[in-house]
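Here's the structure we're looking at; comments come further down.
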Amino acid sequence: IADVLSEDWEGWSWVFAVLSLLVFIGVLLIATLLTTLLPKPVCLVSGAIKDSPFKAFLWGLVVLVSVAPLALLLTISVLGIALIPLELAIVVAAALVGFIAVGQLTGEKAFAMMKQRDQSVLMDVFWGLILLWFIGWIPHIGWLIKVIAVVLGLGGVFTASLNARQKWKKSHIDGGETDGGGTPVS
C-alpha cells in the first residue's frame, strides 16, 4: 500500500493487476451465467463472426466510431439526454456478449488444436476467456489483441442482429405469413 501511495509507478502496477483480475473474474462469472442460461445468443454471435470475420470487424469499428456522435446527437433534446446512459449500456452489453462469443471461438479453436472436439459451449467459453486473459498479458501486443477481440465481438453482435432481422423479414414478408384466413399480412 505504501508503494501505491508513493510516486513510484511500481506500486500502481500491482493495483492494475488486481483490477484486471477482478474484471476478468467478473467477466468469467457473467459469461458462465449467460452461457448456461442463454447459450443461443452466444452461438449466434460466434457463428456470425466465424462466417465473416472481416465484415464483423468492420461493423465493430463503425459501431465504436458512431457511439460518440450518436451521444452528441442525443444531447439536442431533453429526452435524448436521458437516453445517453441507455445507449452506453447497450454498447457495453453488446461488447460483453461479443467478447464472450470471441472467447467461445478461441476456446473452440484451442480444443480443435488439441484434437478434442465437441466440447460444450460453456467449456469453450470458459477456457477461451482464460486464454484471452493470458494473451492480454503479453507485453506490447496483448492489449491490442484484446481490443481487436472486443471490436470483433461488437461487430459480431451487430452482424448477428442484422442477420436475424433479415431472416425475420424474409420469413414474415416474403414467406407469405397469413392472418389465419388466407389473407397475407404485411
Side-chain angles (χ1 to χ4, degrees), residues 19-67 70 83 85-138 142-175 177:
L19 286 176
S20 173
L21 181 63
L22 290 174
V23 167
F24 169 70
I25 290 170
V27 168
L28 201 58
L29 289 173
I30 290 170
T32 303
L33 190 65
L34 179 68
T35 308
T36 302
L37 297 177
L38 300 168
K40 189 173 180 178
V42 175
C43 292
L44 287 174
V45 173
S46 63
I49 294 170
K50 194 186 297 185
D51 289 344
S52 55
F54 187 70
K55 180 179 173 183
F57 185 78
L58 287 179
W59 274 118
L61 284 177
V62 167
V63 169
L64 277 180
V65 168
S66 65
V67 168
L70 181 60
L83 293 176
L86 179 64
E87 173 203 9
L88 295 177
I90 290 171
V91 170
V92 168
L96 183 61
V97 170
F99 188 71
I100 292 168
V102 170
Q104 191 261 333
L105 287 173
T106 304
E108 187 178 283
K109 293 284 186 192
F111 280 122
M113 286 174 43
M114 294 185 301
K115 309 249 189 284
Q116 294 181 353
R117 303 218 184 255
D118 298 328
Q119 298 294 322
S120 69
V121 176
L122 181 61
M123 290 302 290
D124 287 342
V125 168
F126 183 80
W127 289 108
L129 288 177
I130 288 175
L131 191 60
L132 282 174
W133 185 66
F134 279 121
I135 288 171
W137 283 98
I138 297 173
W143 65 272
L144 182 62
I145 292 171
K146 276 186 158 177
V147 168
I148 289 171
V150 169
V151 172
L152 187 64
L154 189 59
V157 169
F158 193 79
T159 304
S161 298
L162 286 177
N163 292 345
R165 185 177 189 277
Q166 288 172 350
K167 193 179 290 184
W168 180 87
K169 190 176 181 181
K170 185 177 181 178
S171 70
H172 284 80
I173 294 174
D174 297 340
E177 180 182 77

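We count residues from 1, following the sequence as given. The model shown is predicted, which means the values in this text are computed figures rather than measured ones.
Minimum heavy-atom separation, Ala56 to Gly156: CB-N, 3.8 Å.
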Cut-off 3.5 Å, no hydrogens considered: what does the side-chain donor-acceptor table look like for residues 30-50, sequence neighbours left out?
from: Thr32; atom 1: OG1; to: Leu28; atom 2: O; distance (Å): 2.7
from: Thr35; atom 1: OG1; to: Ala31; atom 2: O; distance (Å): 2.7
from: Thr36; atom 1: OG1; to: Thr32; atom 2: O; distance (Å): 2.6
from: Ser46; atom 1: OG; to: Val42; atom 2: O; distance (Å): 3.1
from: Ser46; atom 1: OG; to: Cys43; atom 2: O; distance (Å): 3.1
from: Ser46; atom 1: OG; to: Gln104; atom 2: OE1; distance (Å): 2.8
from: Lys50; atom 1: NZ; to: Glu108; atom 2: OE2; distance (Å): 2.7

N/O donor-acceptor pairs under 3.5 Å from side chains in residues 120-134, not counting sequence neighbours:
from: Ser120; atom 1: OG; to: Met123; atom 2: N; distance (Å): 3.2
from: Trp133; atom 1: NE1; to: Ser20; atom 2: OG; distance (Å): 3.3

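In this structure, the separation between CG on Leu154 and OG1 on Thr159 is 9.5 Å, given to the nearest 0.5 Å. The CZ atom of Phe54 sits 11.5 Å away from atom CG of Leu152, with the distance rounded to the nearest 0.5 Å.
Side chains of Ile138 and Ile135 form a contact here, defined as non-hydrogen atoms less than 4.5 Å apart. Taking the side chain as every heavy atom from C-beta outward, Leu162 and Trp59 approach each other to under 4.5 Å.
Within a 6.0 Å radius of CE in Met114, other residues, nucleotides and ligands contribute more than 12 heavy atoms.
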_Steps toward side-chain contact (heavy atoms from CB on, under 4.5 Å) verdict (Val150, Val102)_ = CA-CA 8 Å; Val150 169; Val102 170; over 6 Å; no

